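Working notes, beginning with the structure itself.
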2 protein chains.
Amino acid sequence: MITIYDIAREAGVSAMTVSRVINNTGRVSDKTRRRVKQVMEDLHYVPNSNARSLVLQKTNILSLLITDIANPFYTTLARGAEDTAKRLGYRLLFGNSDENYAKEKDYVDMILSTRVDGVLFAPAGDGSAAHLQQLEKHRIPFVLLDRDVPGITADRIIGESRDGARKLVEHLFQLGHTRIALINGSEDVSTARERHAGYREALKLNDLPYDEKLVLHLGYREEAERDFLEQLLAQNKPPTAIFAANNFIALSVIQSLRGIGLSVPEDLSVVCFDDLGFASVLNPFLTVAAQPAYQFGALGMERLVDLIENGSSSGPRTIILPSELIVRSSSRRLEV
Amino acid sequence: MITIYDIAREAGVSAMTVSRVINNTGRVSDKTRRRVKQVMEDLHYVPNSNARSLVLQKTNILSLLITDIANPFYTTLARGAEDTAKRLGYRLLFGNSDENYAKEKDYVDMILSTRVDGVLFAPAGDGSAAHLQQLEKHRIPFVLLDRDVPGITADRIIGESRDGARKLVEHLFQLGHTRIALINGSEDVSTARERHAGYREALKLNDLPYDEKLVLHLGYREEAERDFLEQLLAQNKPPTAIFAANNFIALSVIQSLRGIGLSVPEDLSVVCFDDLGFASVLNPFLTVAAQPAYQFGALGMERLVDLIENGSSSGPRTIILPSELIVRSSSRRLEV
DNA sequence: ACAATTTGTGTTATCGATAACTCTAATTTA
DNA sequence: TAAATTAGAGTTATCGATAACACAAATTGT
């Protein structure tokens, strides 16, 4: 590998002068500058950022940790984060925890040893608190994305889950549905709790009873087993609509329903959180509460860089992003 | 930040002894080892991998460059690469070129300055040759994924594009279609050329004429404009089926067709390369030539690590992965 | 019991860059 | 024109880790 010393020797100057040319600092005569630049090009020199990081105590690397790389919500978010990081002059180290605390811990260890300057952190759930405390201990700035973690005070970019849930349920209500099931994510995750709360709120506002038998839990990445749904639908007064807490759950519900011979929206309406990315043009065109995924990443990244470069001036800030109800054809008026 | 010297001082030993404990090398008495470990835990010590990389001339970081993070093919591939990298003890630096040479170049620069040990490289197209030559110049091992690049000799994991294309077209032929359009990716990309060749081959094998007016080009991420399709369908003898070169193109075709008031498969059959990931349960259930995306990542990563750790023993190797025809309902028998 | 070996540990140099300081020659100022 | 300033370099120390060598104490072999 070509080093700064090779360039220095070749150009007949000291390493320090080369460093000055690279960083455009200090005084270097035009003549020397040109010569050094020429040698750097000829030898295809690229500075070793490890060495630089070591002395500067700054890596210019940020880390983005998401929980599901297969989910369009997160990949869109990732693009927002990536675009913004690049614009602001940082490299980005991706991590994918797969909603799994063990994997998440591995990534945190890696983050620490890499000495990244900051982390955009979409936690797997409440159990992520231990990992976030590790970051705090090492004074690595971070911004929480999408999910809140009890016991952790930090900058956050959060969606209006409760509100979005209420909108979805009220939409179903307006279509005449009164028996609405909720298939939720794990209660270990703040967004699942919020969506649950929004669901209850909407019922209450519309004087509908809350029926525990209509509420089921799944991991955000878990598949809805057929038995599971059959049980739900075998009740006395089965639901006529299902509110799935995220897109992944919605799709697996649709698939399982099909297995039972039921179709959407003819037999049941289905609505969910988060859009499907490029697949949203497929049938049943899902009625969703779409979150501005790109903004999650972009705003989070901006905040993170601000935090790194200017410190936490005014204490932790929370940005709450609204979700938008997009009515498509997976939900339809209940026939009487 | 806690350094190895802090640990050494606190434990009353030299930094070298601490290093020996960390790496389990050399001789250290059990008593000392325990003491050092205790101090490391107490102070939450994490080794600085920048410093380590600098002296070892090895970062233990690999890079994965994909062209479209929104495409399930690549995210699945990414998961395969990630799982394998972790299993083999490497960290992974993701990059997403968005099918864009300028972004790709930025990533290559970053890769060089990060001194990664190797790169899993899904090139944006033939123009990536310059970037790959840069890697060669710096002796950074790489494995090509999914696409070939003329002029570059390297290990490759390639899909059987030609064969897959032929299978898709023959499937349509068996359903009675004889006017089959191809909406292809840019001819700048090897897979697009191969799929084109497979398409021609299939026509020839079945004694069908090759009609230029039925072949159109789009970027793999470009949207099919409505005009574009209207023109295609306004021909004398319009196609009854469309072979879209990838999933993204297929979806945008379906969307545009819907805009014109046509539906799939009632009015036109549509087939494509690559499955849709979790969205494959949606309607129209696409008939696809599914590639083993996870394997692309996993095998590529294994090969890359082998290359790094054991050198290129036997010259560049090419692994060709077959695609599987999955017949669903987006293609149907032509009514006469 | 004494040389030979092994064990456990420390010292010094190094990786590739930059900060802080130094130094000389050129230029400006009074 | 002598003193003061500035421009354009170079020197040395440092970041945090590890390799290579050094060396005393403990253990082994004969």
Side-chain angles (χ1 to χ4, degrees), chain A residues 1-37 39-40 43-61 91 109-110 112-117 138-140, chain B residues 1-37 39-40 43-61 91 109-110 112-117 138-140:
Chain A
M1 269 303 171
I2 305 290
T3 75
I4 203 171
Y5 295 100
D6 299 322
I7 306 299
R9 184 165 11 84
E10 205 65 27
V13 297
S14 73
M16 197 57 224
T17 298
V18 178
S19 174
R20 288 188 183 107
V21 171
I22 295 169
N23 298 296
N24 252 307
T25 55
R27 307 176 199 290
V28 181
S29 72
D30 270 7
K31 199 178 134 211
T32 312
R33 184 181 303 278
R34 273 198 303 275
R35 185 153 34 94
V36 169
K37 280 197 168 165
V39 174
M40 290 200 296
L43 302 188
H44 308 293
Y45 169 72
V46 181
N48 183 324
S49 48
N50 279 113
R52 178 182 268 161
S53 298
L54 191 56
V55 51
L56 292 184
Q57 302 283 57
K58 170 154 202 212
T59 54
N60 258 281
I61 297 179
R91 294 175 283 168
D109 287 344
M110 163 174 150
L112 291 176
S113 81
T114 305
R115 301 292 197 266
V116 302
D117 296 334
H138 290 267
R139 304 192 187 296
I140 297 186
Chain B
M1 269 302 171
I2 306 288
T3 75
I4 204 170
Y5 295 100
D6 299 321
I7 305 299
R9 185 167 6 85
E10 205 65 27
V13 297
S14 72
M16 198 56 223
T17 298
V18 178
S19 173
R20 287 188 183 108
V21 171
I22 295 169
N23 298 295
N24 252 306
T25 55
R27 307 176 201 289
V28 182
S29 73
D30 269 8
K31 200 179 132 209
T32 312
R33 182 180 305 277
R34 273 197 303 275
R35 185 152 35 92
V36 169
K37 280 198 168 162
V39 175
M40 291 200 296
L43 301 189
H44 308 294
Y45 170 72
V46 181
N48 182 326
S49 48
N50 279 113
R52 177 181 271 162
S53 298
L54 191 56
V55 51
L56 292 184
Q57 301 283 58
K58 169 152 206 222
T59 54
N60 259 280
I61 298 179
R91 295 176 282 169
D109 287 343
M110 163 174 149
L112 291 176
S113 81
T114 305
R115 300 294 197 267
V116 302
D117 296 334
H138 290 267
R139 301 191 189 297
I140 297 185

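To find a chain, count down the sequence lines: A is the first, B the second, and so on, and within it residues start at 1. Keep in mind the model is a prediction, meaning the values are calculated, not measured.
Comparing atom distances between the T17(A) side chain and each of dA17(C), dA19(D), dA9(D) picks out dA9(D) as nearest. Closest contact between the side chain of S19(B) and the listed nucleotides dA17(C), dT18(D), dG16(D) involves dT18(D). The side chain of I4(B) lies closest to dA17(D), out of dG10(D), dA17(D), dC15(D). Nearest nucleotide to the side chain of A51(A), out of dA17(D), dC15(C), dA17(C): dA17(C). With distances taken from any side-chain atom of A15(A) to the nucleotides dA9(D), dA17(C), dT18(C), the minimum falls on dT18(C). The side chain of V55(A) lies closest to dG16(C) when the candidates are dA19(D), dT9(C), dG16(C). When each of dG16(D), dT18(C), dG8(D) is scored by its nearest atom to the side-chain atoms of L54(B), the top-ranked nucleotide is dG16(D).
Across every non-hydrogen atom of T3(B) and Y45(B), the tightest pair is C-CE1, 3.7 Å. Annotation for D117(B) and N60(B): closest pair OD2-N, 2.6 Å, computed over non-hydrogen atoms.
dC15(D) atom P lies 14 Å from atom CD1 of I2(B), rounded to whole Å. One atom, CE of M16(B), and another, C1' of dG8(C), lie 12 Å apart when rounded to the nearest Å. The CG-C1' distance, from N24(B) to dG8(C), rounds to 15 Å in whole Å. Atom C1' of nucleotide dG16(C) and atom NZ of K58(A) are separated by 20 Å, given to the nearest angstrom. Taking atom CZ of residue R20(A) and atom C1' of nucleotide dA20(C), one finds them 10 Å apart after rounding to whole Å. When the P atom of dA9(D) is taken as reference, atom CZ of R9(A) falls 19 Å away, rounded to whole Å. Following rounding to the nearest Å, Y5(B) (OH) and dA17(D) (C1') show an atom-to-atom distance of 7 Å. Rounded to a whole Å, the CE atom of M40(A) is 15 Å from the C1' atom of dG16(C).
In this structure, Q57(A) does not reach the dT18(C) phosphate: none of its side-chain N or O atoms is under 4.0 Å from OP1 or OP2. Neither OP1 nor OP2 of dT11(D) sits under 4.0 Å from any side-chain N or O of S14(A). Distances shown here put every side-chain N or O of N48(A) at or beyond 4.0 Å from the OP1 or OP2 atom of dC15(C). Contact annotation: Y45(A) reaches the phosphate of dA17(C) (side-chain N/O to OP1 or OP2, under 4.0 Å). Taking side-chain N and O atoms only, R27(A) has a distance below 4.0 Å to OP1 or OP2 of dA7(D). In this model, the phosphate group of dA9(D) is approached by a side-chain N or O of S29(A) to a distance below 4.0 Å at OP1 or OP2.
Taking five base pairs at each end of the helix from dA1(C)-dT30(D) to dA30(C)-dT1(D), the local helix axes there meet at an angle of 30°, rounded to 10°.
Between S53(A) and R115(A), the side chains place no donor N or O within less than 3.5 Å of an acceptor N or O (distance only, hydrogens not considered).
Sorted by first then second residue, the salt bridge (charged side-chain N to carboxylate O under 4.0 Å, His left out) pairs that include residues 7-23 of chain B, not counting sequence neighbours, are D6(B)-R9(B).
In this structure, the side chain of S113(B) does not engage the main chain of S49(A) through any donor-acceptor pair within 3.5 Å.
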